[in-house]
Amino acid sequence: MTAILSKPSKTKILRGGHTPKHQNLREVLLEQIGSGELGSGQRVPSESELIAQFQVSNTTVRRCLNDLAREGYIHRQRGRGSFVSELAATALHA
């Protein structure tokens with residue numbers, strides 16, 4: 001019996017207008033945190049996963065994740081990944 005692996009769906013970040021791609025990605029991730037799709041303490045998709053899913057550069061993804069970390073929405077751990085902070089998840093659900 002052979003398992004069929006589904007291909008992850010690719011989501012394009014809106015490229016029109018005056019909003020930079022890293023801010024568009026930030027909004028998408030904040031929506032996922034606010035909706036509970038990414039819960040408190042849960043790992044955020046890796047840089048390579050975000051690059052593949054949203055078809056953006058590594059610079060765009062890093063800038064987005066660094067902004068979210070600086071703002072306190074996520075915390076990053078070298079070699080482990082990025083995780084949703086408890087306070088951010090609670091604040092965005094309210």
Side-chain angles (χ1 to χ4, degrees):
M1 180 176 223
T2 305
I4 299 174
L5 299 176
S6 63
K7 221 177 187 181
S9 64
K10 292 186 178 182
T11 307
K12 289 190 177 186
I13 294 294
L14 299 175
R15 293 175 184 341
H18 300 288
T19 307
K21 288 184 265 185
H22 75 275
Q23 289 181 354
N24 288 331
L25 179 57
R26 177 185 172 277
E27 292 301 318
V28 169
L29 292 176
L30 285 176
E31 284 179 23
Q32 291 178 353
I33 293 169
S35 71
E37 187 177 337
L38 289 173
S40 176
Q42 188 174 354
R43 187 179 73 81
V44 176
S46 69
E47 288 182 13
S48 59
E49 291 168 335
L50 290 170
I51 290 166
Q53 181 178 358
F54 293 101
Q55 300 178 336
V56 294
S57 71
N58 63 335
T59 303
T60 298
V61 170
R62 283 189 187 137
R63 186 164 182 190
C64 170
L65 294 176
N66 286 336
D67 287 350
L68 290 172
R70 189 176 347 94
E71 295 165 3
Y73 292 109
I74 64 172
H75 60 276
R76 303 184 80 189
Q77 296 178 358
R78 186 178 299 263
R80 293 198 61 223
S82 300
F83 300 87
V84 177
S85 72
E86 292 180 31
L87 294 175
T90 304
L92 289 174
H93 285 298

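In this chain, numbering begins with 1 at the start of the sequence shown.
Residue I74 is not grouped with residue F83 when hydrophobic side chains (ILVMFWY) are merged at heavy-atom distances under 4.5 angstrom, including chains of intermediate members.
Nearest heavy-atom pair across V84 and V44 is CG2-CG2, 4.1 Å. Residue G72 comes nearest to S85 through the heavy atom pair O-OG, 2.7 Å, listed as atom of the first residue, atom of the second, then distance.
In this structure, the side chain of S82 does not engage the main chain of H75 through any donor-acceptor pair within 3.5 Å.
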- Item | CA sep, side-chain torsions, deciding dist, call: V61, V56, side-chain contact (heavy atoms from CB on, under 4.5 Å) | CA-CA 7 Å; V61 170; V56 294; 3.6 Å; yes
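Expressed to the nearest 0.5 Å, how far NE2 of H18 lies from CD of Q23 amounts to 13.0 Å. For the atom pair CG (N66) and OG1 (T59), the distance works out to 11.0 Å, reported to the nearest 0.5 Å. To the nearest 0.5 Å, the span separating NE2 on H22 from CZ on R62 amounts to 15.0 Å.
Here salt bridge (charged side-chain N to carboxylate O under 4.0 Å, His left out) pairs that include residues 73-83, with residues two or more places apart or in two chains, are E47-R76.
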Check: residues 25-33 side-chain donor-acceptor pairs under 3.5 Å, at least two apart:
unit_1	atom_1	unit_2	atom_2	d
R26	NE	E71	OE1	3.0
R26	NE	E71	OE2	3.4
R26	NH2	E71	OE1	2.9

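Between N24 and C64, the closest side-chain pair of non-hydrogen atoms is not below 4.5 Å.
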